[in-house]
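Contents: one structure, followed by commentary.
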Amino acid sequence: MAELTYREAVAAGIAQEMERDERVVFLGEDVAAAGGVFKTTVGLLEKFGPCRVRDTPISEQAIVGAAMGAAMTGLRPIAEIMFSDFFGVSWDMIANEIAKARYMCAGQLALPLVIRTANGSGSRFGAQHSQSVENWVMAVPGLKVVAPSNPADVKGLLAAAVRDPDPVIFFEHKGLYATKGEVPDGEHVDRLGTAKVLRQGSDVTIVALAAMVPRALQAAQRLEKEGISATVVDLRSLVPLDTKTLLVETKKTGRLYTVEENPRLCGWGAEIASIVAEEAFYDLDGPIVRITTPHVPLPAADELEDNTVPTVERIVETVRRTAG
Amino acid sequence: MPSWNIIQAVNDALRVEMRRDPRVVVLGEDVGKFGGVFRATLGLIEEFGADRVIDTPLAEAGIVGAAIGMAMYGLRPVPEIQFSDFIYPAFDQIVNELAKLRYRSGGQYSAPVVIRTPAGGGIKGGHYHSQSPEALFIHTPGLQVIYPSNPYDAKGLLLSAIRSDDPVIFMEPKRVYRAAKGDVPEGDYTIPIGEARVVREGRGMTVIAWGAMLHEAEQAVGQLPELDAELIDLRTLWPLDIEAVVGSVSKTGRCAIVQEAPRTCGFAAEIAALVQERCFPRLEAPIARITGWDTPFPYALENDYLPLAPRILHKLRELKDYEA
């Protein structure tokens, strides 16, 4: 085991797959010579050369469109969109073309591509560089959606995404890039569509994603001191969704909380609440509670941003107030 | 009172408001000389001239971007996106600019833009001409979303939308564009944004629908009077008339939501999550979501994809027979 940062795990994951499979290519804005605007891809150009690691113009449609064509003709492209907010500019390519290609051609073509992107808040970047847009892609049939919370999962899930035969949208959290964790030595490949139970409790179940996972864990530790025992589930993957783990862990406690960074309406918390309320109807001791960012654009001011996205304090307070 | 279809009602609303308010302009692909691909803007260019009824190139981002600029400088633009599937090339303009303008300018600017767009399946349009993407816009803070089911509501809500000081996504159900006919008052009248309509009162269960599926739900509940269903047409999706929904489900204890969009992260998920939050002790059965499937919109299998009356009826029977 080596200790890596979340950002180093990105480069390690890409390098592992590029070494293994010469069809893997990587493209995006400032990903090569500059090593990525968040320094997540440092060293890849030097190691694999400009044919396989390409700087592109500032044109998200072209990046994603080129990746689509490359995937259709036999490569395994990894495209980077610098900020997930910029998915907006290439949304037609993602939602109307990439998501549907396999279906449109009745399986004659597959699109084994990965779109990596920096998602989420915490960097004071304001309403257009801080959004959590995982629900945009979750709502589009044909896309797989991954959002890891720690370095080991970054490397393992990125490898799984590259090896998947279908398009995978891979959300890295900007606020987690500097965090550290143990990453297994040698080849590390995880499985898409699997949640992880990080902590087993008996009173409530808290489900979180990406940067909300460490907050949910901290909240659980505080709640423990107050006599509330919490299970914490790291969702890791939104599509496919690990409904089995969600249902099993909810049934054990009878109380489910979701902690979401994205806007509340029609978020993944709503989807999970709908599934669990339907399939675990008899096992719930109270309504499923969604802890989310309120329905506002994300503010840039420090204080406002900190008070908009769910905090450890808000998770603790919400659970304490409702779990009785 | 004339009996009109939805297209005629939309056309009349635009004419009424353009006569009343010189700031109102219409722009889009083929909206001028051709009168709109669905004829919704027929005759407007003759009456109001090419300065106020503007044919644009095939460039959705340009159409919406121009409308944002017009609105910032005092006009009341009503751009048309010919099919809601094509709203995606303008997605960045809508979710990252239009929706956030008031917030980002600290209230110094607003963007009173109404984007009209025919939405949904029903015309064998395949996956590029049949989607129903309302959830993505409900998910985006800063947008109002309207989806009427009949000519009377279409006219009254379109007039309210144009008079609103904030942006509106106005989705027109093309499956019933011509089929849904009804009496429409001449001249000026408005229906408030955010008010649902009880189509049929009942005590056995609450059925919630909007757009073209409202007619399918109406047909289903009409076929089986012993369901004693209360049918609610939301008309405005956001802001949601939560009082109407909660009031009805508190009375009936059972709730079904019909939506033609894919299931995952659709608006039905949001409603189900809200209903279980607000009505938990009153629920006698799990909330039923009756939706499109999580696949691209099919061409040949359109009638199997859409939640039409037979599928709705089947699910409502189950809901009625569910014993808590």
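Here is the naming used below: chain letters follow the sequence lines, and residue numbers restart at 1 for every chain. From a predicted model like this one, the values you see are computed outputs, not experimental measurements.
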**OP:** Identify which part of B:Y103 has an atom lying under 4.5 Å from any heavy atom of chain A, answering side chain, backbone, both or neither.
**Re:** side chain
**OP:** Tell me, for A:L143 versus chain B, whether the close heavy atoms (under 4.5 Å) come from the side chain, the backbone, both or neither.
**Re:** neither
**OP:** May I ask you to decide if the ring planes of A:W91 and B:F91 are parallel, tilted or perpendicular, using 30° and 60° as cut-offs?
**Re:** parallel
Original post:
Can you name the nearest heavy-atom pair linking B:Q276 to A:A277, along with the distance?
Top reply: CG-CB, 4.1 Å
Original post:
What part of B:R263 is in contact with chain A, defined as an atom under 4.5 angstrom from a non-hydrogen atom: side chain, backbone, both or neither?
Top reply: both
Original post:
Hey, which of A:V276, A:N135, A:I288 has the most heavy atom pairs under 4.5 Å with chain B?
Top reply: A:I288
Original post:
Taking all non-hydrogen atoms of both residues, which atom of A:C266 and which atom of B:I138 are closest, and how far apart?
Top reply: SG-CG2, 4.0 Å
**OP:** Please tell me if the side chains of B:I287 and A:E278 come closer than 4.5 Å, counting only heavy atoms from C-beta onward.
**Re:** no
Original post:
Quick one: what part of A:I275 sits under 4.5 Å from any heavy atom of chain B, side chain, backbone, both or neither?
Top reply: both
**OP:** Under 4.5 Å heavy-atom distance to chain B, tell me which part of A:L241 shows up: side chain, backbone, both or neither.
**Re:** neither
Original post:
In terms of heavy-atom pairs under 4.5 Å with chain A, which of B:F280, B:F86, B:Y128 leads?
Top reply: B:F280
Original post:
Quick one: of A:A273, A:A95, A:A127, who has the most non-hydrogen atom pairs under 4.5 Å with chain B?
Top reply: A:A127
**OP:** Go through the steps to decide whether B:E270 and A:R290 satisfy the test side chain to side chain contact (heavy atoms under 4.5 Å, CB included), and finish with yes or no.
**Re:** CA-CA 11 Å; B:E270 178 60 34; A:R290 294 179 289 161; 2.8 Å; yes
Subject >> Heavy-atom check, side chain of B:P298 versus side chain of A:Y103, under 4.5 Å >> reply: yes
**OP:** Name the region of B:P262, side chain, backbone, both or neither, that has any atom closer than 4.5 Å to a heavy atom of chain A.
**Re:** side chain
Original post:
Is any side-chain N of the basic residue among B:E277 and A:R264 closer than 4.0 Å to the acidic one's carboxylate O?
Top reply: yes
Original post:
Is there a side-chain contact between A:M93 and B:Y88, using heavy atoms and a 4.5 Å cut-off?
Top reply: no
Original post:
If you count heavy-atom pairs under 4.5 Å with chain B, which of A:Q61, A:E60, A:M104, A:E279 comes out on top?
Top reply: A:M104
**OP:** Determine the interplanar angle of the A:Y282 and B:Y322 rings, folded into 0 to 90°, and report it as parallel if under 30°, tilted if 30 to 60°, perpendicular if over 60°.
**Re:** parallel
**OP:** Taking the side chain as every heavy atom from C-beta outward, state whether B:R289 and A:S274 have any pair of such atoms under 4.5 Å apart.
**Re:** yes
**OP:** Please tell me if the side chains of A:Q131 and B:V95 come closer than 4.5 Å, counting only heavy atoms from C-beta onward.
**Re:** no
**OP:** Count the heavy-atom pairs under 4.5 Å between each of B:D294, B:I87, B:N96 and chain A, then report the option with the highest count.
**Re:** B:N96
Original post:
For B:P133, is it the side chain, the backbone, both, or neither that has a heavy atom closer than 4.5 Å to a heavy atom of chain A?
Top reply: neither
Original post:
Under a 4.5 Å heavy-atom cutoff, which of A:G142, A:G286, A:A280 has the most pairs with chain B?
Top reply: A:G286
Original post:
Can you say whether B:I94 sits under 4.5 Å from chain A via the side chain, the backbone, both, or neither, judging by heavy atoms?
Top reply: neither
Original post:
At a heavy-atom separation under 4.5 Å, does B:E60 approach chain A through its side chain, its backbone, both, or neither?
Top reply: neither
Original post:
Relative to chain B, which of A:V140, A:V89, A:N96 shows the most heavy atom pairs under 4.5 Å?
Top reply: A:N96
Subject >> Considering all heavy atoms, the nearest A:H295-B:G142 contact >> reply: NE2-N, 4.5 Å
